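Read the numbers this way: they start at 1 and go in the same order the structure lists the ligands and their atoms. Position 1 is the first residue of the sequence; numbering continues from there. If you're wondering where the values come from, they're calculated on a predicted model, not measured in any experiment.
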Amino acid sequence: MSDAGIESHLLPDTAVIDDGRISIGGCDVETLAREYGTPLFIYDEKHLRARCREAVEAFGPNVAYASKAFLCVAMARLVHEEGMAIDVSTGGEMYVALAAGVPAERLVFHGNNKSSQELGMALESGIGRIVVDSWDEIRRIEALVEAGVTAPSVLLRVNPGIEAHTHEYLQTGVTDSKFGFPIAESEATAAIDHVRASPLMDYRGVHVHVGSQVFDVSSFARAIESLAPFVRESEAAEFSVGGGLGVAYVHGEQSDSIKEWAVVVTDAIREAGIEAEITAEPGRSIVATAAVTAYTVGTIKEVPGVRTYVAVDGGMSDNPRPVLYGSGYEAFRAIDADAPRPHRAHIVGKHCESGDIIVRDAAIPESLAVGDVLCTPVTGAYGHSMGSNYNKVLRPAVVFVANGESRIVIERETYEDLVARDAR
Ligand SMILES: Cc1ncc(COP(=O)(O)O)c(C=O)c1O
């Protein structure tokens, strides 16, 4: 936690602080908040495009954006325009990407429990690749192909017995996980042998995802080193290393770029004698820092001798990460983003949960007042996408900003939306 103003590396690429006021994509943030209402997700379109291009340059055209991090029609289009494939992990994500006009062949279908209906939709639309996750799924795909659809290109997701955490690497033997075929007990080998022998699937390669929020990229290299014998034996034409690159959220954190990650991963794979095409699925590192959320302060409560609570008009419904993972964030005011933040308060939401804390012990500026626009940076990943309308709080609007212009890409939910599917 720092008492100084917000650090620039936690802000979108085009953020500028001028006389205290922050603008993104040439748009003044406080003005956007007043115009569109709050809470408001503000995404820097140039930042998004730059990260997509960086990923394509680093990994090639089959690198896929992990759409679980943030997805809407405009985002799917942007990603496709910038040359990335898209990782979808449910029928819903697939539907949005297809509705955006992304060709099915540019989609990679993930998920630990794909239904026959979802697999049918994927196969009939001509999905690019399926990352197979279980024996049940293999049987479902085979049944569908036997019934007449074209055999899909498949990767097998393996459970590597390795976990890369924020700053460490663990060899766990068998990772206790619902995802993938364990390498242990030769499960993964048996699955690969089956797929390679099956006329109903076209074996393409191996997929692993070793962790999330991994700051120390050498963890990826060491994970790859221990996986190498398995990958070599699998004779994969493609080796996908999943996602997981760490992103700085708070003061003092630093993260590697997508390019730096790709160099480490590629070197480790080639040094291990693996010739396969290398692909990856970054999510957070594409979108997290691209966005800030703007809230309006509604209530400031002093609990004498204990602490100050600053309540804003959103909360765990637009950013569940603090509640789910204890994640930290920073907060700053839109009109004096570079001002010192000498005070401390919990920034809380408006939900009926004591745990509805967006920023614990936030550094806040002098004289923060009801009505101020307060922003949290690095909210572009797993915020809107993991959000809810708990307490029937309306899901926020999302705008993309670029070159001094803003455009709504997701409308704010309305009260009518809340009852639109209810029987009345
Ligand atoms: C299979 C897979 N690929 C990619 C990702 C994206 O990871 P990140 O957003 O950390 O880059 C995830 C995240 O959970 C994942 O499970």
Check whether any heavy atom of Gly244 sits under 4.0 Å from an atom of ligand 1.
yes
Min heavy-atom dist Pro282 to ligand 1 below 4.0 Å:
yes
Does the cation-pi check pass for Arg321 over Tyr249, that is, NZ or CZ under 6.0 Å from the six-membered ring centre and within 45° of its axis?
yes
Does Phe332 have Arg341 sitting over its ring (NZ/CZ under 6.0 Å from centre, angle to axis within 45°)?
no
Apply side chain to side chain contact (heavy atoms under 4.5 Å, CB included) to residues Ser240 and Leu155 and explain how you reach the verdict.
CA-CA 9 Å; Ser240 171; Leu155 283 85; 4.1 Å; yes
Quick one: look up the protein heavy atom nearest [atom] and list residue, atom name and how far away it is.
| atom | result |
| --- | --- |
| atom 4 (C) of ligand 1 | Glu281 O, 3.3 Å |
| atom 5 (C) of ligand 1 | His209 CE1, 3.6 Å |
| atom 1 (C) of ligand 1 | Arg157 NH1, 3.3 Å |

Mind checking whether Phe70 and Tyr43 have ring centres under 6.0 Å apart?
yes
Ligand 1 atoms nearer than 4.0 angstrom to some heavy atom of Ala66 are 4 (C), 5 (C), 6 (C)
Atom indices of ligand 1, in the order listed, that fall short of 4.0 Å to a heavy atom of Gly283
8 (P), 9 (O), 11 (O)
Please determine whether a side-chain nitrogen of the Lys or Arg among Lys259 and Glu54 lies less than 4.0 Å from a carboxylate oxygen of the Asp or Glu.
no
If you measure from each non-hydrogen atom of Asp87 to ligand 1, which part falls under 4.0 Å: side chain, backbone, both or neither?
side chain
Contact partition for Tyr382 relative to ligand 1, non-hydrogen atoms under 4.0 Å
side chain
